[in-house]
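These notes concern the structure reproduced below.
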Amino acid sequence: MAPTATYTSRRSDFETARFILPDLVSDCHYPLRLNPDCYPVSRASEQWLLHGARLAEPRVTVFMGLHAGELTAACYPDADAFHLRVCSDFMNWLFNMDDWLDEFDVDGTWGMRECCISSFRDPINSQAETLGGKMCKSYFSRFIQTGGPGCTERFIHTMDLFFIAVAKQADDRAKGHVPDLESYITVRRDTSGCKPCFALIEYAARIDLPDRVMSHPVIMAMEEATNDLVTWSNDIFSYNVEQSRHDTHNMIVVLMREYGLNLQGAVDYIGRLCKGSIQRFEDNRDILPSWGEELDRQVAIYVEGLQNWIVGSLHWSFDSTRYFGKNGHTIKQDRIIKLLPKRSN
């Protein structure tokens, strides 16, 4: 699966002043498309989140630089305004939930899971007590108006996997434990939140693929390749902010610990894995089976949706202020990251 680690330099410069990003954007040749309803839907969704989460400064300013609506518009470029808004509300909620959960212990995470899953199971009648749960009811009551039964169940199931994995992450954080690479990759595929976003591909396109299609090894391999590209590239992009706050849930940290790599060596290693994940996606696209004309048409829509996630997430990472502040466009060109100082605990 992975390239060998022997070609990279060792950890002699563990504390280095900067590193160079791999040129992931150039490795991705898929067309970047933006939903024509992007900006009005994005701005309305931002106001929905600000009201529902009751954010106060400095979190308001940080949130307004996120531009999750623009990410949503790139990942679901053909959705109509109603479906795009549901997807955008979910994306804004997910990023905000991710930030909230970073501050939760294991018990707090389990409590939020129970509240949110209950809201998904019955968004009309469930009694949500948390802000996160109330926002779940808001967007999911709109989701179920048109979401098919298979798509709906996949969304709920993968959100459950998200909360379970985040609880594991919280436990590791409390114990100061850095997992081995294999364990990390398994958990990270769920903490990324990509899997419910893939269910939204079906929702946004008004399709509901049967289980025999969604459980096919080729479809699952394409989903995994997409998840890996989005997740592993995100670990590179988010590393600087995370290291400044002593966060160790990052593939770079895992590789430095497990293989003794220096920072640049670990970054280059992940860059090769990312390039390989795009090749995995293409290799499996080439061997997609046929399920008949109508299902093949729907599968093509779903596969294009995965492709949109690959290219959309890469470009959005530099447009958002979440990882690179206001320097995203410059960093996209020169790829030089200057390490932030570590915060005092």
Side-chain angles (χ1 to χ4, degrees), residues 40-72 75 82-145 147 152 155-171 173-174 190-197 199-200 203 234 238 241-242 245 247 249 320-322:
V41 169
S42 296
R43 301 295 81 82
S45 183
E46 286 169 347
Q47 291 305 309
W48 171 86
L49 188 285
L50 288 173
H51 174 76
R54 300 179 190 171
L55 296 185
E57 292 293 358
R59 291 198 173 194
V60 171
T61 298
V62 172
F63 169 73
M64 293 304 291
L66 173 64
H67 301 310
E70 281 78 347
L71 171 63
T72 309
C75 295
F82 176 83
H83 289 79
L84 183 67
R85 173 61 191 275
V86 173
C87 294
S88 189
D89 286 357
F90 168 72
M91 291 296 295
N92 276 311
W93 173 88
L94 182 63
F95 277 105
N96 190 72
M97 178 60 63
D98 191 52
D99 290 341
W100 276 346
L101 292 175
D102 279 343
E103 301 172 5
F104 281 27
D105 60 14
V106 175
D107 290 341
T109 302
W110 285 120
M112 183 61 76
R113 173 201 180 216
E114 182 177 353
C115 178
C116 292
I117 297 300
S118 295
S119 296
F120 294 144
R121 290 296 179 195
D122 188 359
I124 306 302
N125 299 310
S126 62
Q127 299 297 316
E129 297 180 359
T130 67
L131 296 177
K134 290 176 181 178
M135 286 187 285
C136 286
K137 286 167 60 73
S138 171
Y139 68 74
F140 208 66
S141 63
R142 287 171 279 143
F143 177 105
I144 61 173
Q145 291 177 26
T152 300
F155 179 89
I156 296 173
H157 174 64
T158 53
M159 277 307 306
D160 200 22
L161 294 178
F162 167 79
F163 281 111
I164 292 169
V166 171
K168 174 68 168 67
Q169 177 187 347
D171 187 53
R173 183 169 59 238
D190 287 324
T191 63
S192 70
C194 283
K195 292 178 181 179
C197 294
L200 291 182
Y203 167 77
N234 179 263
S238 63
V241 172
E242 291 176 1
R245 62 182 189 222
D247 191 341
H249 187 69
S320 173
T321 61
R322 187 172 178 87

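Source: prediction; values computed, not measured.
- Rounded to the nearest 0.5 angstrom, Trp48 CH2 and Ser138 OG are separated by 5.0 Å.
- Here salt bridge (Lys or Arg N to Asp or Glu O under 4.0 Å) pairs that include residues 82-93, with residues two or more places apart or in two chains, are Arg85-Asp89, Asp89-Arg142.
- What you find for Ser141 and Pro123 is that their closest heavy atoms are N-CB, 3.9 Å.
- Evaluation of the side chain to side chain donor-acceptor pair (under 3.5 Å) rule for Asp98 yields no partner, not counting sequence neighbours.
- Remark: side-chain polar atoms of Ser126 are not paired, donor with acceptor, to backbone N or O of Ala128 under 3.5 angstrom.
- One finds the OH atom of Tyr139 at 3.5 Å from the CH2 atom of Trp93 (value rounded to the nearest 0.5 Å).
- For Phe63, there are no ring pair (Phe, Tyr, Trp, His ring centres under 6.0 Å) partners two or more places apart in sequence or in a different chain.
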For this session: Report the C-alpha separation of His249 and Glu242 in whole Å, then their side-chain angles, then the decisive distance to 0.1 Å, and conclude whether the side chain to side chain contact (heavy atoms under 4.5 Å, CB included) test is met.
Result: CA-CA 8 Å; His249 187 69; Glu242 291 176 1; 5.9 Å; no
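- Nearest heavy-atom pair across Met91 and Cys197 is SD-SG, 3.6 Å.
- Among residues two or more places apart in sequence or in another chain, the side chain to side chain donor-acceptor pair (under 3.5 Å) test is passed with Lys195 by Asp190.
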Problem set entry | Stepwise side chain to side chain contact (heavy atoms under 4.5 Å, CB included) check, Phe95 with Leu71 | CA-CA 12 Å; Phe95 277 105; Leu71 171 63; 4.0 Å; yes
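- For the atom pair Thr72 OG1 and Leu200 CG, the distance stands at 9.0 Å (nearest 0.5 Å).
- Screening residues 114-123 for salt bridge (Lys or Arg N to Asp or Glu O under 4.0 Å), with sequence neighbours left out, gives Arg121-Glu153.
- Nearest approach of Thr109 to Ala170, heavy atoms of both residues: OG1-CB, 4.3 Å.
- The CZ atom of Phe140 sits 11.5 Å away from the SG atom of Cys116 when rounded to the nearest 0.5 Å.
- For Ser88, the side chain to side chain donor-acceptor pair (under 3.5 Å) partners at least two apart in sequence or on another chain are Ser45.
- Between Asn96 and Ala53, the shortest heavy-atom contact is ND2-CB, 3.7 Å.
- The side-chain contact (heavy atoms from CB on, under 4.5 Å) test applied to Pro196 returns Phe90, Phe155, Thr158, Met159, not counting sequence neighbours.
- The salt bridge (Lys or Arg N to Asp or Glu O under 4.0 Å) analysis of residues 128-137, with sequence neighbours excluded, yields no pairs.
- Here CG of Leu55 is found 10.5 Å from CE of Met64. Values are rounded to the nearest 0.5 Å.
- For the side chain to side chain contact (heavy atoms under 4.5 Å, CB included) test with Arg322, the passing option among Val62, Asn234, Asp99 is Asp99; the others fail.
- Among all heavy-atom pairs drawn from Trp100 and Phe104, the shortest one is O-CD1, 3.1 Å.
- Taking Arg113 as the reference, Trp110, Ile117, Asp160, Phe163, Ile164 meet the side-chain contact (heavy atoms from CB on, under 4.5 Å) condition, with sequence neighbours excluded.
- Within the structure, salt bridge (Lys or Arg N to Asp or Glu O under 4.0 Å) contacts touching residues 51-71 (residues at least two apart or in different chains) are Arg43-Glu70, Arg59-Glu103.
- A heavy-atom distance below 4.5 Å is found between the side chains of Asp102 and Arg173.
- Evaluation of the salt bridge (charged side-chain N to carboxylate O under 4.0 Å, His left out) rule for Asp171 yields Lys175 as partners, not counting sequence neighbours.
- The side chain to side chain donor-acceptor pair (under 3.5 Å) check on Thr321 picks up nothing, with sequence neighbours excluded.
- Summarising the geometry, atom OG1 belonging to Thr61 is positioned 13.0 Å from atom CG belonging to Leu66; distances are rounded to the nearest 0.5 Å.
- Nearest heavy atoms, Ala68 versus Asn92: CB-OD1, 3.3 Å.
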